[in-house]
Trainee: 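Pasting in a structure now, in structure tokens, and then I'll have a few things to ask.
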2 protein chains.
Amino acid sequence: MNIKDLTIEQLEEAANMLKAIAHPMRIAILNYLDDGKKLTVTEIHELLKIEQSTTSHHLGILKDKGVLSSKREGKNTYYFLKHANLSNIVNCVSKCTMN
Amino acid sequence: MNIKDLTIEQLEEAANMLKAIAHPMRIAILNYLDDGKKLTVTEIHELLKIEQSTTSHHLGILKDKGVLSSKREGKNTYYFLKHANLSNIVNCVSKCTMN
DNA sequence: TTAACAAATGCAAATATATAAATATATTAT
DNA sequence: ATAATATATTTATATATTTGCATTTGTTAA
């Protein structure tokens, strides 16, 4: 299938995924989750110094749009990249800002 | 410089770039502009079957955020990718939708 | 300079998103 | 069952984005 022939639904799915990533705090989250790292909501909330509810909200968006997965272990929920290659997107754009 | 140490300004710039891309019509536009192709506003407006002003608006956003460049030739303005590697982002996300 | 075409801009209404405070739910230990 | 901790959800307000119509600006040819 040619990439130019994406249906409107596929374009929307791709856009939703990118939209999920396209936020300063969510990019910062993804930068911490490279190399298969797994972090809890509290760890991320402390690393980024943002509200717990805001952190949970951002993680929910990333999970809902297929960027992250999560796994509960006791009281904690660990979040991690669903597809390792999604790091490339963040790396690529982040590098564009380092000139 | 470590990618984890991006400043808030750099995170915002990266987010703005991704936000520019993260729209169904704009992804469709970028899919047409691979391999260094150059297309006019009218060509894109006809290919995508969207209003001329809407097309121009989307192209303006992509240019403003550093995704596209443009070059006027007579009555036409040609738009093209500013950095060839930005195709990777679109390819990567688009492929995620083709499973 | 006027007509015709190409592209960009101003505007308004509809829709979507971000944030944080407050509250609710889930899990574990006592 | 209660307390303590971790996470998620609800809600409200503020802000941003999308779209197309109408208009304006830029360019070429007659």
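Residue numbering restarts at 1 for every chain, and letters A, B, ... go by the order of the sequence lines. As the structure is a computational prediction, the values presented were derived from the model and not from experiment. Excluded from the calculations below are hydrogen atoms, water molecules and symmetry mates; all remaining heavy atoms, backbone and side chain alike, are included.
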Trainee: How many Å lie between CG on Leu62(A) and P on dA18(C), as a whole number?
Mentor: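 The answer, rounded to whole Å, is 10 Å.
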
Trainee: Verify the contact: side-chain N or O of Asn76(A) to OP1 or OP2 of dT27(C), cut-off strictly under 4.0 Å; return yes or no.
Mentor: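 False: Asn76(A) side-chain N/O out of range (4.0 Å or more) of dT27(C) OP1/OP2.
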
Trainee: Kindly write out the residues that satisfy salt bridge (charged side-chain N to carboxylate O under 4.0 Å, His left out) with Lys63(A), not counting sequence neighbours, or none if the list is empty.
Mentor: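 Testing Lys63(A) for salt bridge (charged side-chain N to carboxylate O under 4.0 Å, His left out), a comparison that skips the adjacent residues, returns none.
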
Trainee: To the nearest 0.5 Å, what is the distance between CG (Asn88(B)) and CG (Asp34(B))?
Mentor: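 With rounding to 0.5 Å, CG (Asn88(B)) is 11.0 Å from CG (Asp34(B)).
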
Trainee: So, does Ser56(B) get its side chain near the phosphate of dA8(C), meaning an N or O under 4.0 Å from OP1 or OP2?
Mentor: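 Checking Ser56(B) against dA8(C): at least one side-chain N or O falls below 4.0 Å of OP1 or OP2.
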
Trainee: Taking side-chain contact (heavy atoms from CB on, under 4.5 Å) as the definition, give me every residue that meets it alongside Asn76(B), ordered by chain and number, with sequence neighbours left out.
Mentor: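 With neighbours one apart ignored, the set is Thr40(B), Tyr78(B).
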
Trainee: Would a 4.5 Å heavy-atom cut-off, applied to side chains only, mark Gln52(A) and Thr42(A) as touching?
Mentor: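 The answer is no; the side chains never approach within 4.5 Å.
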
Trainee: To the nearest Å, how far apart are Ile50(B) CD1 and dC21(D) C1'?
Mentor: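 In whole Å, dC21(D) C1' and Ile50(B) CD1 are 15 Å from each other.
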
Trainee: Report the distance from atom CG of Leu39(B) to atom P of dA7(C), rounded to the nearest whole Å.
Mentor: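 Computing the Leu39(B):CG to dA7(C):P distance gives 11 Å.
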
Trainee: Restricting to non-hydrogen atoms, name the atom on Lys38(A) and the atom on Glu43(A) that form the minimum distance, rounded to 0.1 Å.
Mentor: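 So the minimum-distance heavy-atom pair works out to O-OE1, 4.4 Å.
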
Trainee: Between His45(B) and Ile50(B), is there a donor-acceptor pair closer than 3.5 Å when you use the side chain of the first and the backbone of the second?
Mentor: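 Checked: pair present.
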
Trainee: Enter the inter-axis angle for the ends of the helix from dT1(C)-dA30(D) to dT30(C)-dA1(D) (five pairs per end, rounded to 10°).
Mentor: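 Inter-axis angle at the termini of the helix from dT1(C)-dA30(D) to dT30(C)-dA1(D): 20°.
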
Trainee: Calculate, to the nearest 0.5 Å, the distance between atoms CG and CG belonging to Leu62(B) and Leu81(B) respectively.
Mentor: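 Rounded to the nearest 0.5 Å, the CG-CG separation comes to 9.0 Å.
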
Trainee: Between protein and nucleotides 23-30 of chain D, map the contacts as a letter string: B base, S sugar-phosphate only, - none, heavy atoms under 4.0 Å, written 5' to 3'.
Mentor: ----BS--

Trainee: Could you measure the distance from the CG atom of Leu30(A) to the NZ atom of Lys37(A)? Nearest 0.5 Å is fine.
Mentor: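 Leu30(A) CG to Lys37(A) NZ: 12.0 Å, rounded to 0.5 Å.
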
Trainee: So what does Thr40(B) hit on the nucleic acid, given a heavy-atom distance under 4.0 Å: a base, only sugar-phosphate, or nothing?
Mentor: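 Since only primed, P, OP1 and OP2 atoms lie under 4.0 Å of Thr40(B), the category is sugar-phosphate.
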
Trainee: Does the side chain of Thr55(A) reach to within under 4.5 Å of the side chain of Leu48(A), using non-hydrogen atoms?
Mentor: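 The answer is no; the side chains never approach within 4.5 Å.
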
Trainee: Separation of Ile27(A) atom CD1 from dA18(C) atom P, in whole Å?
Mentor: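 Those two atoms, CD1 and P, are 12 Å apart.
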
Trainee: Measure the distance from NZ on Lys49(A) to P on dA20(C) and round it to the nearest whole Å.
Mentor: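 Between P of dA20(C) and NZ of Lys49(A): 15 Å.
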
Trainee: Between Met25(A) (CE) and dA20(C) (P), how many Å, whole number?
Mentor: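 Result: 10 Å.
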
Trainee: Each nucleotide N or O in nucleotides 10-18 of chain D that has a protein N or O under 3.5 Å away: list the pair and distance.
Mentor:
unit_1, atom_1, unit_2, atom_2, d
dT18(D), OP1, Arg26(B), NH2, 3.3

Trainee: Let me have the donor-acceptor pairs involving side chains of residues 17-24 of chain A, under 3.5 Å, with sequence neighbours excluded, atom names and distances please.
Mentor:
unit_1, atom_1, unit_2, atom_2, d
His23(A), ND1, Met25(A), N, 3.1

Trainee: For Asp64(B) and dA7(C), what is the distance between atoms CG and C1' respectively, to the nearest whole Å?
Mentor: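 So the CG-C1' distance, Asp64(B) to dA7(C), works out to 17 Å.
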
Trainee: Would a 4.5 Å heavy-atom cut-off, applied to side chains only, mark Asn31(B) and Leu11(A) as touching?
Mentor: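 Yes, side chains in contact.
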
Trainee: Return no unless some side-chain N or O of Tyr79(B) is found under 4.0 Å from OP1 or OP2 of dA8(C).
Mentor: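 Result: yes.
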
Trainee: For Tyr78(A) and dT27(C), give me the distance from atom OH to atom C1', rounded to whole Å.
Mentor: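 Going from OH in Tyr78(A) over to C1' in dT27(C) covers 14 Å.
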
Trainee: Thr54(B) side chain: which of dT19(C), dT19(D), dC21(D) is closest?
Mentor: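 Closest nucleotide among those given: dT19(D).
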
Trainee: To the closest 0.5 Å, what do you measure between CG (Leu59(B)) and OH (Tyr79(B))?
Mentor: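 Interatomic distance, Leu59(B) CG to Tyr79(B) OH, rounded to 0.5 Å: 5.5 Å.
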
